[in-house]
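Working notes, beginning with the structure itself.
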Amino acid sequence: MPTHFEIHDSFISEQNQKTNDWVKEDYEHLSKKLRRQNVDIEDLVAKAQGFRFAIPSWGVGTGGTRFARFPGAGEPRDIYEKLEDCGTIYKLVRSTPSVSLHIPWDKPEDAGDLREFARQRDLHFDAMNSNTFQDQPGQKHSYKFGSLTHPEKSVREQAIQHNIECIEVGKALGSKAHTVWIGDGGNFPGQQHFRRALERYLESMREIYAALPDDWRVFIEHKFYEPAFYSTVINDWGTSYYCARELGPKAFCLVDLGHHAPNVNIEMIVARLIQFGKLAGFHFNDSKYGDDDLDSGSIKPFQLFLIFNELVDAELNKEPYFSPAYMLDQSHNVTDPIESLMMSGVELVRAYIQAHLVDRQELTDAQAKCDPLRALATLKQAFTTDVAPILAAARARAGGAIDPIGTFRASGYRQRKAEERPAKMGARASGIV
Ligand code: LRH
Ligand code: MN
């Protein structure tokens, strides 16, 4: 039995044969429909093929909650098996050539060897992620009461050194960005001095910023609560933006969709950060209540479309400093992580292509003439256009699967991995919970 089962390109094209006919039929139909709107469908297929987003290494294992985690069969047990699964996703959806690592969960023994393993699967490394929200075995100072904003300098120094170590690992892996999310905050009124805590954050981040190579960026990730349940130091986009401005031109603001209170207008925050030249990019996911980390587009697909409407408008207007990094950041508690990541990826490309279908002249005119209904109808026409044939064609022409989940299931990949990856007794999943 081959040690590492892989889905071969020949199997993918075999599976595509089975569904090629309907793609062609639907593609022709959509092509005619779009031609009536003076839209060239081939242009949209090229855009879909050019759309890239990163897979979170911690997303290919089964996630859980504080109540429980129900590990699935054939779970990846180390960073190499995680990259195997990321390689499989890239083979099937063809838009995920990069992986975002989390340190120390993915700390490589040999960065060169890991980089080569990734290269053999046409993968490279996206933004690094530090972790000062958990204490590691043997760690000198606890992060129980904070990390970069902790009242004690020794704890802040430890957290700063960890972030600098992440940047060093990232340099060896070819990454060009570092994401800093901290859970620092308080559970009770009076626990933290709000202004001094933010000052300590900036003092710490200045040391991390100074360690960045010239061609790197640092992404500040805000979150309105959790694990702190009364106050969070970097709680919203405004605080993140102030810090990015204070730190300098290599600092930007990363938007994790789940890090906002329910009903916050996230697409407007995106427009602000684009206008201010400080949009780092995204951790895409979806949620109904808190930071649920559910599959992108699964709960609020119209919000995802409206966010991409702002991104495409900026892309078409060639806004300065606009080069957002797109990543998923999800926790797959009840689905096969590979299937969820692929489906979520398809939802990102769908929203991106639908946003390119917005008749911007019509929209601008409706806005100028204070005609809100025509403006909304213009957006809805794009959002309600079924672009599935474009997405399928884009994948198939790039050697991917017309039906990624159908092909994945037909391959028996998960069952084979269950045979190859017997669960390590008492192994603790390296990831959330
Ligand atoms: C915090 C967060 C952050 C990651 C973690 C895995 O909620 O979104 O981006 O470090 O999840
Ligand atoms: Mn995140």
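In listed order, ligands and their atoms are each counted from 1. Because the structure is a prediction, the values reported are computed rather than measured. FYI, the numbering just counts along the sequence from 1. Worth knowing before you read on, the calculation uses all heavy atoms, side chains too, and leaves out hydrogens, waters and symmetry mates.
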Going by atom type alone, with no hydrogens or angles, which donor-acceptor pairs under 3.5 Å involve a side-chain atom of residues 263-277 and a protein atom two or more places apart or on another chain?
residue, atom, partner, partner atom, Å
Asn265, OD1, Glu267, N, 3.4
Asn265, OD1, Met268, N, 2.9

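- Lys380 forms a cation-pi arrangement with Phe302, by the criterion of a distance under 6.0 Å to the ring centre and an angle within 45° of the ring axis.
- Short contacts between ligand 1 and Trp58, defined as distances under 4.0 Å to a heavy atom of the residue, involve ligand atoms 6 (C).
- Near Glu221, with a cut-off below 4.0 Å to any heavy atom, the atoms of ligand 1 are 2 (C), 3 (C), 8 (O), 9 (O).
- A donor-acceptor contact closer than 3.5 angstrom links the side chains of Thr239 and Asp236.
- The shortest N/O to N/O separation between Asp256 and ligand 1 falls below 3.5 Å.
- Under 4.0 angstrom from ligand 1, the non-hydrogen atoms of Asp291 all belong to its side chain.
- Remark: Arg397 pairs with Tyr27, Glu42 by the side chain to side chain donor-acceptor pair (under 3.5 Å) rule, at least two apart or across chains.
- Between Tyr326 and Phe282, the ring-plane angle classifies as tilted under the 30° and 60° cut-offs.
- When non-hydrogen atoms are compared, ligand 1 lies under 4.0 Å from the side chain of Asp329 (C-beta onward) but not from its backbone.
- Between Phe194 atom CZ and Ser231 atom OG the span is 5.0 Å, to the nearest 0.5 Å.
- Between Phe308 and Phe284, the ring centre distance stays below 6.0 Å.
- Listed by chain and number, Glu221 OE2, Asp256 OD2, His283 ND1, Asp329 OD2 are the protein N/O/S atoms closer than 2.8 Å to the Mn ion (ligand 2), with waters left out.
- If you look at His283 next to ligand 1, the close heavy atoms, those under 4.0 Å, all belong to the side chain.
- Between the side chains of Gln120 and Glu116, a donor-acceptor pair is found at a separation under 3.5 Å.
- With sequence neighbours excluded, no residue forms a side chain to side chain donor-acceptor pair (under 3.5 Å) with Asp9.
- Ligand 1 lies within reach of His102, whose nearest heavy atom is under 4.0 Å from it.
- Ligand 1 has an N or O atom lying under 3.5 Å from an N or O atom of His259, backbone or side chain.
- Using modelled atom types, one finds a donor on one side chain and an acceptor on the other under 3.5 Å when comparing Ser331 with Asn333.
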